[in-house]
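Residue numbering restarts at 1 for every chain, and letters A, B, ... go by the order of the sequence lines.
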Amino acid sequence: MSEIPTDLKYTDEHEWVRREDSGTLVVGLTDYAQEQLGDLVYVDTPEVGASFAAGDVCAVVESVKAASDVYSPAGGEVVAVNESLQDSPEQISNDPYGDGWLFEIAPEDAAEWEDLLDPDQYEELLDSA
Amino acid sequence: MPAKATPLREQHRSCGGRLVDFAGWELPLHYGSQVAEHHAVRRAAGVFDVSHLALTMVSGRGAKSYLRRLLANDIDRLGERIAGLYTCLLNDSGCVIDDLIAYRLADERYRVVSNAATAESVHAQMKKIARAFPVTLVPEEERVTLAVQGPQAMETGAAAATTVLGGEFASELAALKPFNAMESRGFLAARTGYTGEDGFEIYLDAATGQALWQALLEAEVAPCGLGARDTLRLEAGLCLYGQDMDDSVTPLHCGLKWTVAMDPPQRDFLGRRALEQLADSENLPAFKGLVLKKRGMLRAGQTVRTPHGPGVVTSGGYSPTMGASIGLARVPRGAYADCEVEIRGVGVTCAVVKPPFVRRGRILVDAHGDRES
């Protein structure tokens, strides 16, 4: 069974989102997503300063198997990216909710946080998959 | 789940295989990490369940004449040996219906091993041509085919197999040259493979196949899935049907000219006339290897830009041995060392090389894509 931490929110694209005290959102792939992808070999992260609308493709992760788009869970500006994934994309597989984080975004509209799935809803999504 | 499963389905489940649908077959993609499985084959030994491959026994007085008409490579090249011949099956336009191995077992007995995804079209073509020859075609089902590959396949793997198959299996197998085979006590073992490593492929009944699988695992031969099979064959520069070739191209379009036997000129094999006409064409593309010089990933379908016009990546992915992305591509002929591949709208520089990339555990092209001496 995939791990679903209770202190995070989720998207139906199998991303997790953590709200920092400052209001910024840290984004990564869920345990389920990394399991589905298999061995990860390359991550194309966004540039710091880039702006995205909610739902835009903002990163790509490539496993040995295939490429998979990562969507911005909220509109806003990228304020940090996990540069260490360039050399060790396997961190996503080994620690999806920790060292495997992808990027951090400063949301334009704080209310978008409310639209994300809570852990129970995400679990339901996995159960129905 | 798909309708068909090999006799090793339970074995795959019990060792953690992630089962997927492949051409209507339930098969393991990997058993945890396809990269680890890839390395196991390059560094030690791995075993693949390839029982989904379609087997057809061809027997009868006309078997040899039939195969000489059917196949683009000439089965007569095998002489009196028990051995396998890699070949394409073509249609009248010279395009590839499938690539396959035909084993000569005896004068009037052959086994054809073709891909699962093309089973129907291969069978239809084989049946159609068989009408004109005194031959019998019998599809073989519920059997096990294993590929044991890696630098230790011939020691660890063959030794474990001897415990199941008896006799002097390991030493008899070791005496065979590449592509030669032995048939004994109901099994066929051949020095063939699809990884660029030493090893063997073996065809047996379901019960013996299950016992052999178990013995190999107990000898710490790593179970390997379709994922590793694909990255290994890509590094070895071997074509995959459905990607590098299909029924829209001829063997001359995918680096397989060496498998087409134009001699003797009187042998009238399927597709011969079409290939003869093409052979004079100056527009035939080249089939090359690409090594991505920067970060990113080559994937099938990407556009290649060369000084002589566009081409296409037919297979692309990650090379675990090289730690870089590599691909096979159909590109215009010409002398150029670099090209650009369009990855998500951006042109990324690739070195153009001659496959294979990796063979017998050794990288044959350096970081710049140049061939090492």
Side-chain angles (χ1 to χ4, degrees), chain A residues 1-3 13-14 29-48 50 52-53 55-72 78 81-96 99-100 102-103 126 128-129, chain B residues 16-22 27-42 224-235 240 243 291-302 313 315-327 341-346 348:
Chain A
M1 210 36 226
S2 298
E3 191 194 340
E13 299 291 346
H14 306 286
L29 296 180
T30 66
D31 190 27
Y32 174 83
Q34 68 80 16
E35 226 169 66
Q36 293 291 314
L37 287 165
D39 294 303
L40 289 166
V41 289
Y42 175 68
V43 182
D44 195 358
T45 43
E47 302 279 325
V48 170
F52 296 98
D56 280 358
V57 173
C58 58
V60 178
V61 291
E62 303 239 16
S63 70
V64 184
K65 207 165 63 176
S68 184
D69 289 333
V70 178
Y71 303 89
S72 187
V78 174
V81 300
N82 185 355
E83 303 284 358
S84 71
L85 293 178
Q86 295 285 318
D87 291 322
S88 350
E90 68 278 4
Q91 291 177 100
I92 295 174
S93 313
N94 298 340
D95 189 9
D99 290 343
L102 289 172
F103 58 90
L126 293 190
S128 64
Chain B
R18 181 182 186 85
L19 299 174
V20 295
D21 181 352
F22 179 81
L27 288 169
L29 182 63
H30 60 73
Y31 300 85
S33 165
Q34 81 173 69
V35 170
E37 290 159 26
H38 180 110
H39 290 316
V41 171
R42 287 273 178 254
C224 298
L226 293 170
R229 188 169 162 81
D230 190 45
T231 50
L232 287 159
R233 72 91 198 168
L234 180 59
E235 285 185 352
L240 173 63
Q243 275 193 224
V291 180
L292 193 62
K293 288 190 167 186
K294 297 198 175 135
R295 314 188 58 86
M297 198 61 60
L298 296 173
R299 297 287 186 193
Q302 288 166 345
V313 175
S315 278
Y318 178 71
S319 158
T321 307
M322 295 169 64
S325 184
I326 59 173
V341 172
E342 219 170 277
I343 301 178
R344 290 187 278 279
V346 181
V348 186

Atom pairs (donor, acceptor) spanning chain A and chain B, under 3.5 Å:
unit_1  : atom_1 : unit_2   : atom_2 : d
A/Gln36 : OE1    : B/Arg18  : NH2    : 3.1
A/Asp39 : OD1    : B/Ser33  : OG     : 3.1
A/Asp39 : OD2    : B/Ser33  : OG     : 3.1
A/Asp39 : OD2    : B/Gln34  : N      : 2.8
A/Asp39 : OD2    : B/Val35  : N      : 2.9
A/Glu62 : OE1    : B/Arg299 : NE     : 2.8
A/Glu62 : OE1    : B/Arg299 : NH2    : 2.7
A/Glu62 : OE2    : B/Arg344 : NH1    : 3.4
A/Glu62 : OE2    : B/Arg344 : NH2    : 3.4
A/Ser63 : O      : B/Arg299 : NH2    : 2.7
A/Val64 : O      : B/Arg299 : NH1    : 3.4
A/Ala66 : O      : B/Arg299 : NH2    : 3.4
A/Gln86 : O      : B/Arg295 : NH2    : 2.2
A/Gln86 : OE1    : B/Arg295 : NE     : 2.7

Under a 4.5 Å heavy-atom cutoff, which of A/Gly38, A/Ala66, A/Ala67 has the most pairs with chain B?
A/Ala66
Under 4.5 Å from a heavy atom of chain B, the part of A/Val43 involved
neither
